Structure formats: structure tokens, C-alpha cells
Enquirer: 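Below you will find the structure I want to go over with you.
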Amino acid sequence: AALAQARSLGEARAALVAFVEAFDDHHFVASAPYSAPRRWLRRLVGKDRPRDEGPIPWSASGEEACARFGVRDRRFGKVEWTALAGFQPLAADAGSHPFPAGLLSSGAANERQLAVLRIGLFSQQGFPALCAAEWERQHLASFAEDACDDACQETFWDGLEERLLDRFADELAELARGGAKTLLVDLTDNGGGSGIVGRMMRMVTTRQLPERAAGFIRHPHSVKRLTSIAADYAAEAARVELPARQRELYAQVQRRMEAAARDAATPCDLSRMWQLASAAELPCANVGRAEPWLDAAEQAELAALEAREPAAAAAKPVRPAAWTGELVVLTNRWTASASEDFAASLQDAGAARIAGATTLG
């Protein structure tokens, strides 16, 4: 209706932007293109320049190289832990202590100290000081190479992930040595990140983290993706050199992926949503649900079988738990995406208490 009533291109754009913003999800954004004169003016003042891709010369400083990777400081949030009486922060050096952390104590006798550790982003992109230090370290190891090409950059990024996890483990150990029995992980305003979240959540608990149900949209895109994953598992199940049980588990996942693909292909006409007063009246749902492909025992069994393969040596290592005490996760309205995965997985496992406010998703 808003588009139909729009009297100008500007009003039409505003209607679309308002529609997208109503979803309140930072994964989904609308961006209206600038007019040609405004684009020219923005380029003139240095904006909207194309991103500089390709090899990064080793002559670039760590700060310059990390800017090319899109790194910016995301360590701190809105909670000022240092303002609390009795809070003793760990070292403030962003290279050795990238995660702001400290011990909170009221000084009472026999009190159990609380450790606080802030994770601002589950990605290497949130830690510029550590990124710059890793660039300089790898620069010294590059020898005669003039520049860091795409493969080199990928290796650098993987190495930076390992350095970040090294520091995470070191800080957790330092907090434990300080006498803390309970750890509060501050995820307020943490907008998410990357797959590193799975490795970090396993470092704060010794409990088995259950695989959760997955959701997918009933749409050809999901059919294509699920079918492709099923084909990958079918190829693994056909490898005669693998143990029979391992191939059987792969085939089981394949069948469940194929079933999910068929479900994703089921049509769901939601055109009536524009006329109905409540979503409860809709004739169907466009979101499908898939239970974990394997139960916990089968997952552990498959992981043990895969660990015997030669390729397992090249996989990212599973790090041991660096924290074994009580765990609390603090969330707020802007805790989102991968940080919600962190909180939900630990909550589902009974490994942590969740405090604060309902998260974005």
C-alpha cells in the first residue's frame, strides 16, 4: 500500500527501507543507491572507494594490513565493570589481553570471587592490536616474499584465530589462578561473528554440547543447499576404505538431509498474510524444522571415527576446556547471531545460567 501511494522515488525508497527496518534484524538491510551527482561528490571526498583487494605488501604496517581485513576494535561494551568497587582488572594490554577481564570481590572473608570476561565479537575482526602483532610476527617469518597473496592471507587469518584462542585460554587460566570460582561472560552488544564461536564455547565447559534442531525456509534455495550437503555425505558414505560404521552414519545423515530437502520443496502460499489480522491464521508455515542429524552418542562415535583419518591432522584442533568452574552468560537486547548460539548452546547443555535481557533473535 505504501508503494502504491508513493508520489516520488524518494517516498518509494522510504517505504522499502521502513519495511526492512521493521524486521529489526541486522542480517537483513536495505540500502538505497545514491544519485549520480551525489556518488560523484562522495568519491570526491574519499567515500565509496572500491575496496583494495589482492596481495598485501609485507612493507605494510600491521595497522595498515589489518585495516585491509576490515578489523576494528570491538572489545568493549556498555557495561563499565571497572567502575565497580572491588573490581581488579587484568592487564590492559590489548595484545596480551584482548578480552577485557578482571576479578570482582567485595573483600569479605571467605567470599568467592567472581571473574568477568568480556567478548565483544566472535571474530578476529574485533581485535586490531592482536591482528597487528600477528601480522608483524608472520612478516618476520615470510623471508624473501614481497607480498601476502590470497593463500597467504587465508593462512594469516587462520593463524590469527589460533592466537586469539591462545589468549582466551591464557586469560581464563589467569582468572582461575586469581581464585575465581564463577565466570561471568559479558556478551552485551555482541553482534555475532564467525565459526570461532563453536571452539570458544567448548573452552568454557567440560559438558557435552548437544546439537540443536535447525530451521530452514521452504524455498528452492534451501532445496539446493540441502541437496548439495546430502550429496557430499553420499560421497563420503561411498568411500569403501572407511569403516563400515562410519559409512553407515554418513548414510544416515544423507537420508535425513534428503528428507529435509523434500520438506523444503513443499509449497507454502503465504499471500494471505497481507489480509489476515494474526499470523496464527496462516494456512502453513514457510519455516521447516530439522532435528539433529545424529543423536549425542552417534555424534561422539562419528567424531572418534573421523579423528582416525589422516585428514584429521589438518583440521582445526579441538582445544581443551580452559574453564571448569560455574558459568554465567550476560546478554542484552543487542546480543545477536553467533553470540546467541554461544548462550543457547551452553544453556541447552545445562552448562551456564543466562542473565540479563532477551537477545535480539
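Values in this document were obtained by computation on a predicted structure and should not be read as measured data. We number each residue from 1, following the sequence as shown.
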Enquirer: Does Glu161 pair with Arg199 as a salt bridge, N-O distance under 4.0 Å?
Expert: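 The answer is yes: the pair qualifies as a salt bridge.
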Enquirer: Below 4.0 angstrom, N of the basic side chain to O of the carboxylate: do Arg118 and Glu171 qualify?
Expert: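 A salt bridge is absent here (no side-chain N lies under 4.0 Å from a carboxylate O).
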Enquirer: Could you go step by step and tell me if Trp334 and Thr188 meet the side-chain contact (heavy atoms from CB on, under 4.5 Å) rule?
Expert: CA-CA 6 Å; Trp334 302 111; Thr188 58; over 6 Å; no
Enquirer: Out of Gln124, Arg319, Arg167, which one pairs with Glu162 under the side chain to side chain donor-acceptor pair (under 3.5 Å) rule?
Expert: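 Result: among Gln124, Arg319, Arg167, Arg319 is the only option passing the side chain to side chain donor-acceptor pair (under 3.5 Å) with Glu162.
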Enquirer: Under the criterion side-chain contact (heavy atoms from CB on, under 4.5 Å), I'd like the reasoning laid out for Val71 against Phe127: C-alpha separation, chi angles, the key distance, then a yes or no.
Expert: CA-CA 7 Å; Val71 177; Phe127 304 90; 5.7 Å; no
Enquirer: What pair of heavy atoms forms the shortest contact from Leu209 to Ala349, and how long is it?
Expert: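 Distance-wise, the nearest heavy atoms are CD2-CB, 3.7 Å.
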Enquirer: Run the salt-bridge test on Arg245 and Glu301 with the 4.0 Å N-O cut-off and return the result as yes or no.
Expert: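 Glu301 and Arg245: salt-bridged.
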Enquirer: Between Thr155 and Asp158, is there a side-chain donor-acceptor contact under 3.5 Å, judged purely by atom types and distance?
Expert: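 Per modelled atom types, Asp158 and Thr155 side chains form no pair under 3.5 Å.
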Enquirer: At their closest point, which heavy atom of Pro128 faces which heavy atom of Asp73, and how far apart are they?
Expert: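 Closest heavy-atom pair between Pro128 and Asp73: CD-CA, 3.5 Å.
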Enquirer: In terms of side-chain heavy atoms, does Gln246 have a donor or acceptor partner in Glu309 at a distance below 3.5 Å?
Expert: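 The criterion, which ignores hydrogens and geometry beyond distance, is satisfied for Glu309 and Gln246.
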Enquirer: Heavy atoms only: give me the nearest Ala147-Pro55 pair and the separation to one decimal.
Expert: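 Closest approach of Ala147 to Pro55, heavy atoms only: CB-CB, 3.9 Å.
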Enquirer: Is Thr227 close to Glu258 at the side-chain level, that is, under 4.5 Å between some pair of heavy atoms?
Expert: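 No, side chains not in contact.
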Enquirer: Show your working on side-chain contact (heavy atoms from CB on, under 4.5 Å) between Phe216 and Asp263 and close with a plain yes or no.
Expert: CA-CA 9 Å; Phe216 55 85; Asp263 187 9; 3.6 Å; yes
Enquirer: I need the single residue from Glu306, Arg255, Arg239 that forms a side chain to side chain donor-acceptor pair (under 3.5 Å) with Tyr250. Which is it?
Expert: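 Going through the options one by one, the only one that passes is Glu306.
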Enquirer: Would Trp157 and Gln125 satisfy side-chain contact (heavy atoms from CB on, under 4.5 Å), going step by step from the backbone distance to the final call?
Expert: CA-CA 10 Å; Trp157 204 241; Gln125 286 187 309; 3.5 Å; yes
Enquirer: Look up atom CG in Leu16 and atom CD in Glu21, then write down how far apart they are to the nearest 0.5 Å.
Expert: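 So the CG of Leu16 and the CD of Glu21 are separated by 11.0 Å.
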Enquirer: Please tell me if the side chains of Glu134 and Cys131 come closer than 4.5 Å, counting only heavy atoms from C-beta onward.
Expert: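 No, too far: nothing below the 4.5 Å cut-off.
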Enquirer: Give me the atom names and distance for the closest heavy-atom approach of Ala115 to Ala180.
Expert: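 Here Ala115 and Ala180 meet closest at CB-CB, 3.5 Å.
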Enquirer: Relative to the ring of Phe156, is the ring of Trp135 parallel (under 30°), tilted (30 to 60°) or perpendicular (over 60°)?
Expert: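 Ring orientation of Trp135 relative to Phe156: perpendicular.
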Enquirer: Of all heavy-atom pairs between Leu249 and Leu302, which one has the smallest distance, and what is that distance?
Expert: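 That would be CD1-CB, 3.9 Å.
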Enquirer: Could you check if a side-chain atom of Glu174 sits within less than 4.5 angstrom of a side-chain atom of Asp170, using non-hydrogen atoms only?
Expert: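 Result no, sub-4.5 Å side-chain heavy-atom pair not found.
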Enquirer: Distance-only, no hydrogens or angles: does the Arg207 side chain make a donor-acceptor pair with backbone N or O of Ala352 under 3.5 Å?
Expert: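 No, Arg207 side chain to Ala352 backbone: no donor-acceptor pair under 3.5 Å.
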Enquirer: Is the ring pair His139/Trp58 parallel, tilted or perpendicular, if the boundaries are 30 and 60 degrees?
Expert: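 The arrangement is parallel - the two ring planes meet at less than 30°.
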Enquirer: If you compare all heavy atoms of Leu104 against all heavy atoms of Ala85, which two are closest, and at what distance to 0.1 Å?
Expert: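 Shortest heavy-atom separation between Leu104 and Ala85 comes out as CD1-O, 3.6 Å.
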Enquirer: Under a 3.5 Å distance rule, please check whether Ser123 uses its side chain to pair with a backbone N or O of Gly126 as donor and acceptor.
Expert: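 Between the backbone of Gly126 and the side chain of Ser123 there is no qualifying donor-acceptor contact (under 3.5 Å).
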